[in-house]
Undergrad: 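The structure under discussion is supplied below as structure tokens; questions concerning it will follow.
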Amino acid sequence: ATFVIKLVLEIVSAATATLLSMAGTLLDTTMRLSLDTQWYRDTGQIITLGWGIIRDFFNLTFIFILLYNGIRIILDLDQTPDAKKIATDVLIAALLINFSLFFTQLIIDGSNMLAVGLYNSIQTLVTAPSVGASSISEAINVTFANQAWLNVTSGSFDGFSGAINPILRIIFTSITIYVFLSVAFLFIGRFVAFFFLMILSPIWIAGALIPRLKPYQDKFQNTLFDQAMLAPVFLFFLYIILQVITSDVFTTLKASGIAL
């Protein structure tokens with residue numbers, strides 16, 4: 001019975017290890033894709049086409065607003081300072097809306113440049129001989145899964161220590177798969193969000209003039225900055241974590257067999 005249990009555990013452990021490798025590949029791919037600014041340039045025709053249609057729609061809207069406001073002023077239906085202010089605001093918005101895509105891309109590029117710098121630092125760290133990994137997901141797996149504290153050999157487990165190691169590996173691997181997939185889907189969401197944010201960027205400018213669009217402008221702005229900060233913040237904390245767990249302190253603990 002013990003042999004059968006150990007065999008089943010080893011099979012499940014091998015299966016979860018395969019799933020971990022697939023989840024790690026997905027994480028590395030989505031992370032590189034999300035940080036690849038060139039991809040947005042390669043699909044620029046689609047983005048520019050969609051953005052242009054929305055921009056032209058709002059430009060027509062601005063023209064009608066100017067005509068309506070101008071007619072009211074000419075016919076002395078509205079001589080308040082607000083009427084002239086509306087005309088000024090529409091002209092400014094009509095000018096700025098033509099740069100809405102540029103402003104959005106500027107924020108995206110700045111975010112990706114910061115994230116790529118952190119990504120390259122992590123790559124340098126994980127490919128060092130002390131870690132010996134070729135990617136970020138592999139570095140996380142190697143650094144954690146192969147540490148001494150996951151290799152339970154204590155005499156307190158005599159009699160069932162053969163089952164303890166596979167169980168611990170399955171638990172750890174399952175948690176890691178969940179984390180990898182969660183982060184991968186976050187980066188996929190970031191990638192898709194940037195694509196649509198660039199197309200819908202005229203709303204960012206138009207919302208300042210059209211009250212009905214104000215909630216959408218706020219949502220656009222919050223989404224843009226949230227997605228822009230996602231990659232740099234995640235990679236910053238990942239860099240700190242990998243720096244700590246590859247430090248001399250952890251190496252000493254590993255060599256001494258101290259379990260954490």
Side-chain angles (χ1 to χ4, degrees), residues 1-35 115 118-119 121-191 230-260:
T2 303
F3 172 78
V4 173
I5 293 174
K6 290 173 61 177
L7 179 61
V8 171
L9 289 174
E10 288 295 341
I11 293 174
V12 174
S13 178
T16 54
T18 301
L19 292 176
L20 176 62
S21 176
M22 295 171 62
T25 301
L26 178 63
L27 173 62
D28 293 327
T29 302
T30 55
M31 193 177 297
R32 285 193 292 265
L33 182 64
S34 179
L35 300 180
L118 291 167
Y119 183 88
S121 297
I122 294 174
Q123 282 284 69
T124 302
L125 176 66
V126 302
T127 54
S130 58
V131 179
S134 59
S135 67
I136 290 178
S137 65
E138 184 181 345
I140 297 173
N141 183 36
V142 169
T143 305
F144 284 103
N146 292 343
Q147 294 297 329
W149 51 81
L150 288 177
N151 185 19
V152 181
T153 57
S154 172
S156 61
F157 294 109
D158 287 344
F160 60 96
S161 60
I164 290 296
N165 281 326
I167 290 174
L168 289 178
R169 288 200 301 271
I170 291 170
I171 293 173
F172 172 82
T173 304
S174 300
I175 294 174
T176 308
I177 290 172
Y178 173 78
V179 172
F180 280 5
L181 290 178
S182 298
V183 175
F185 284 120
L186 282 176
F187 275 93
I188 291 174
R190 180 179 186 267
F191 173 78
L230 179 112
V233 170
F234 170 77
L235 291 171
F236 172 76
F237 283 107
L238 179 61
Y239 177 75
I240 296 298
I241 291 170
L242 290 176
Q243 278 280 21
V244 171
I245 62 180
T246 56
S247 64
D248 294 337
V249 175
F250 272 71
T251 303
T252 303
L253 291 174
K254 177 182 175 182
S256 62
I258 298 176
L260 301 182

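Nothing fancy with the numbering, it's 1 onward along the sequence. Atom set for the values below is all heavy atoms of this structure, side chains included, hydrogens, waters and symmetry mates excluded.
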Undergrad: Only counting residues at least two apart or in another chain, list the ones meeting side-chain hydrogen bond (donor to acceptor under 3.5 Å, both in side chains) with Ser34.
TA: Arg190
Undergrad: Looking only at heavy atoms, what is the nearest atom pair of Pro232 and Leu118, with distance?
TA: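 Residues Pro232 and Leu118, closest heavy atoms: O-CD1, 3.3 Å.
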Undergrad: Scan the side chains in residues 13-20 for donor-acceptor partners under 3.5 Å anywhere in the protein, sequence neighbours excluded, and list what turns up.
TA:
| unit_1 | atom_1 | unit_2 | atom_2 | d |
| --- | --- | --- | --- | --- |
| Ser13 | OG | Arg169 | NE | 3.3 |
| Thr16 | OG1 | Val12 | O | 3.1 |
| Thr16 | OG1 | Ser13 | O | 2.8 |
| Thr18 | OG1 | Ala14 | O | 3.1 |

Undergrad: Please enumerate all residues that pass side-chain contact (heavy atoms from CB on, under 4.5 Å) together with Ser182, with sequence neighbours excluded.
TA: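 Applying side-chain contact (heavy atoms from CB on, under 4.5 Å) to Ser182 gives Tyr178.
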Undergrad: Distance check, rounded to the nearest 0.5 Å: Leu181 atom CG versus Leu186 atom CG?
TA: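 Taking CG in Leu181 and CG in Leu186, the distance rounds to 11.0 Å.
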Undergrad: Quick one: list whatever passes side-chain contact (heavy atoms from CB on, under 4.5 Å) with Phe237, sequence neighbours left out.
TA: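 Partners of Phe237 by the side-chain contact (heavy atoms from CB on, under 4.5 Å) criterion, ordered by chain and then number, come out as Val233.
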Undergrad: Sequence neighbours excluded, which residues qualify as side-chain contact (heavy atoms from CB on, under 4.5 Å) partners of Leu33?
TA: Trp39, Phe191
Undergrad: Distance from Leu26 atom CG to Phe180 atom CZ, nearest 0.5 Å?
TA: 10.5 Å
Undergrad: Under the side-chain contact (heavy atoms from CB on, under 4.5 Å) rule, collect the residues that match up with Ile122, sequence neighbours excluded.
TA: Val126, Ile136, Leu235, Leu238, Tyr239, Leu242
Undergrad: Would you compute the distance between atom CD1 of Ile188 and atom CG of Leu27 and round it to the nearest 0.5 angstrom?
TA: 10.0 Å
Undergrad: If you measure from CZ on Phe187 to CZ on Arg32, what distance do you get to the nearest 0.5 Å?
TA: 12.0 Å
Undergrad: Is the count of non-hydrogen atoms from other residues, nucleotides or ligands lying under 6.0 Å from Phe236 atom CZ greater than 12?
TA: no
